[in-house]
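Have a look at the structure below before the remarks.
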Amino acid sequence: MTNPSCELDPNEDKIREECGVFGIFGLENAASLTALGLHALQHRGQEACGIAAYDGQQFRTERHLGLVGDSFTGDDPSQRLPGNISIGHVRYSTAGQTVLRNVQPLFSELHTGGFALAHNGHITNAYTLREQLVKKGAIFQSTSDTEVVIHLLARAKEGEFIDRLVSAIRQVDGGYAFVGMTEKLLIGVRDRFGIRPLLIGRIGNSYVLASETCAFDMIEAEFIREVEPGEVVVINEDGIRSFTAYPNASSRPCIFEFVYFARPDSIVGGKSVYEVRKRMGQRLAEETPADVDVIIPVPDSGVPAALGFSQATGIPFELGIIRNHYVGRTFIQPTQQIRDMGVKLKHSANRSMIEGKRVLLVDDSIVRGTTSTKIVRMIKAAGAKEVHFRSASPPIKYPDHYGIDMPTKDKLIAANYSLEEMTSMLEVDSLGFLSVEGLYWAMGEKFREEDAPQYTDHCFTGCYPTPLIDRDRQLLGGNQLSFLVEVA
Ligand code: AMP
């Protein structure tokens, strides 16, 4: 089956988020466990975080701009947010969207009772749905695509709460994982291709939902299974029930979780992220060898692949770049100017491992080329004789539309320049990328070019699993929809 969206060549999106979600049902001090789970998911979003809890009488939410550790410190969070049902969210968004009213969980009073919702991903038809809802009288409180789901749920007419939820979910498309809660239920939903991750865990008789297994490890929960593509799971005191939102769902999780997004100690789709990244490095060594004295990872994202490269070739691995852990990831700075400075703030050269040597730098990916350019200059200034660069993923040629922050196509270096041009722009002696076949090999799979791919790999192939319904409207900022920007 060829995919109709493979031909699309999208350029831009506007409402986008990198996020992590967490939920727990049936344990005292649920909010404290949620705060711990969010700590483990912090790498998925560093701009904002929030927790909602219900104590049998009242819903409470606490939402902050900033890190989990800075927001939920001091007193035990469950003192302020008591109850044994809780959900939480960590968030990263693009400029203009970082306002408290967009921070999740979002809470609404529906005619079925209180409802809190946290979302990782992106709803690709959010603009169309939002416009239809506004025309029918809906009043939106945020600019987040997540709120569309709440309005659809509020307007669903038939049946029990779950029937209404399923009918609302059927109207949204894209890549998403939702964690929601009512007075009596914890709910998990995954999109029809399982693009964004969502997992079920257990502590005793209580259930936990999270974006990654590292959150289960944090609270000593046992991993049970993944929420299936198109599945809605509903947890209450009788246990767990499963509903099908999309009968024709098929599994096509996002491959970029393995490349960059997931924490290396997480298990995604039954595979160790760390092991997969090492295999990417091993295969990279076979595909694009380098005659060098030392292999240096760009920390932290390049470490497993650099180790794999080193172990495959016998070339020594050294920590030639030291990362300052007290600044955030490069991408959390929304402007180019600050991002440029951010690279220097974040990395410094370990001169004794570099001077007079032929150095191979390994990173997980090259996006704009900003990080690599700065790092190459830094390594040269530290006295390297030669500098070679390898990306442990294929050239990123297409933007994401399913909740991973990616710049527009005109800013993706590999979308605009040849290997030769990039080699000279990065000022390196040689440059190499892993092939798409090599990436699939590292995942233990065979790349099926002619077939429906096993993963959502559009960043490398341009093959988007869903139609990008509102792509052009996103380019124009939603046409006639005015998204309020709060300046104070
Ligand atoms: P760039 O400087 O734009 O080429 O970005 C490359 C660096 O950003 C690499 O070190 C990657 O580890 C990292 N990176 C790749 N994708 C993302 C993303 N979606 N969000 C944040 N950082 C990323």
Side-chain angles (χ1 to χ4, degrees), residues 13 16-20 41-47 90-95 120-122 175 195-196 211 254-264 273 277 280-281 284 296-306 321 323-324 327-347 361-379 389-417 422-423 425-428 431 433-434 439 456-460:
D13 66 3
R16 58 189 171 197
E17 293 160 18
E18 291 183 340
C19 301
L41 297 173
Q42 186 77 83
H43 60 287
R44 298 184 71 89
Q46 298 96 22
E47 281 192 354
V90 287
R91 178 172 194 266
Y92 166 74
S93 74
T94 50
N120 167 213
H122 177 59
I195 298 171
R196 297 268 67 87
S211 301
C254 175
I255 209 162
F256 214 73
E257 292 278 343
F258 288 92
V259 170
Y260 171 79
F261 209 25
R263 226 170 75 164
V273 172
R277 287 184 189 162
M280 289 176 194
L284 190 62
I296 292 177
V298 177
D300 294 325
S301 49
V303 171
I321 301 171
R323 175 162 170 199
N324 181 339
V327 288
R329 286 186 176 198
T330 321
F331 271 54
I332 69 170
Q333 308 296 350
T335 68
Q336 185 67 40
Q337 192 193 3
I338 301 176
R339 252 196 313 272
D340 288 350
M341 285 160 53
V343 174
K344 283 185 245 157
L345 282 173
K346 211 165 91 169
H347 296 117
L361 295 170
V362 179
D363 203 354
D364 69 291
S365 58
I366 298 175
V367 184
R368 298 173 175 85
T370 316
T371 312
S372 32
T373 307
K374 301 274 166 197
I375 282 183
V376 168
R377 287 190 190 151
M378 186 179 79
I379 297 296
F389 204 102
R390 297 291 180 271
S391 160
S393 63
I396 297 176
K397 294 187 174 170
Y398 302 89
D400 185 69
H401 284 272
Y402 304 115
I404 287 189
D405 178 46
M406 274 295 162
T408 50
K409 196 172 182 203
D410 57 308
K411 296 192 186 75
L412 292 172
I413 189 168
N416 296 289
Y417 299 99
M422 286 189 280
T423 309
M425 288 165 81
L426 266 53
E427 300 164 16
V428 285
L431 177 64
F433 291 85
L434 185 65
L439 176 58
T456 290
D457 58 11
H458 55 273
C459 291
F460 311 117

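Numbering of ligands and ligand atoms starts at 1, following listing order. Start at 1 with the first residue, then count along the sequence.
Only the side chain of S301 comes within contact range of ligand 1, with a heavy atom under 4.0 Å; no backbone atom does. Residue-level proximity to ligand 1 for T370 is carried by backbone and side chain together, each with a heavy atom below 4.0 angstrom. Residue contacts with ligand 1, taken as heavy atom pairs separated by less than 4.0 Å, involve D364 solely via side-chain atoms from C-beta onward.
Within the structure, ligand 1 lacks F261 among the residues with a heavy atom less than 4.0 angstrom away. Ligand 1 has at least one atom lying under 4.0 Å from a heavy atom of D405. Taking 4.0 Å as the cut-off, E18 counts as a neighbour of ligand 1 on heavy-atom distance.
A donor-acceptor pair is defined here as one N or O able to donate and one able to accept, closer than 3.5 Å; such a pair exists between the side chain of R277 and the backbone of F258. At distances below 3.5 Å, at least one donor-acceptor pair connects side-chain atoms of N416 with backbone N or O atoms of K409. In this structure, the side chain of E18 engages the main chain of D405 through a donor-acceptor pair within 3.5 Å.
Between atom 9 (C) of ligand 1 and the options T371, D363, V259, the minimum heavy-atom separation is to D363.
Annotation for ligand 1: atoms under 4.0 Å from non-hydrogen atoms of F256 are 16 (N). Close approach to I404 involves these atoms of ligand 1, each under 4.0 Å from a residue heavy atom: 19 (N). Heavy-atom proximity to S365, at under 4.0 Å, picks out these atoms of ligand 1: 6 (C), 9 (C), 11 (C), 15 (C).
By the 30° and 60° cut-offs, the orientation of the rings of F460 relative to F256 is tilted.
When every heavy atom of P304 is checked against every heavy atom of D300, the shortest pair comes out as CD-O, 4.0 Å. Nearest heavy-atom pair, P407 versus R368, reported as atom, atom and distance to 0.1 Å: CB-NH2, 3.7 Å. Taking all atoms of both residues into account, the shortest heavy-atom contact from L284 to F433 is CD1-C, 3.7 Å.
Here the rule is side-chain contact (heavy atoms from CB on, under 4.5 Å) with S372, and of V298, L361, L431, I366 only I366 fits it.
Looking at ligand 1, you won't find any N or O of S372 less than 3.5 Å from one of its N or O atoms. On a distance-only criterion, G369 and ligand 1 share at least one N/O pair closer than 3.5 Å. Looking at ligand 1, you'll find an N or O of V367 within less than 3.5 Å of one of its N or O atoms.
With no hydrogens or angles considered, no side-chain donor-acceptor pair links S393 and D364 at under 3.5 Å.
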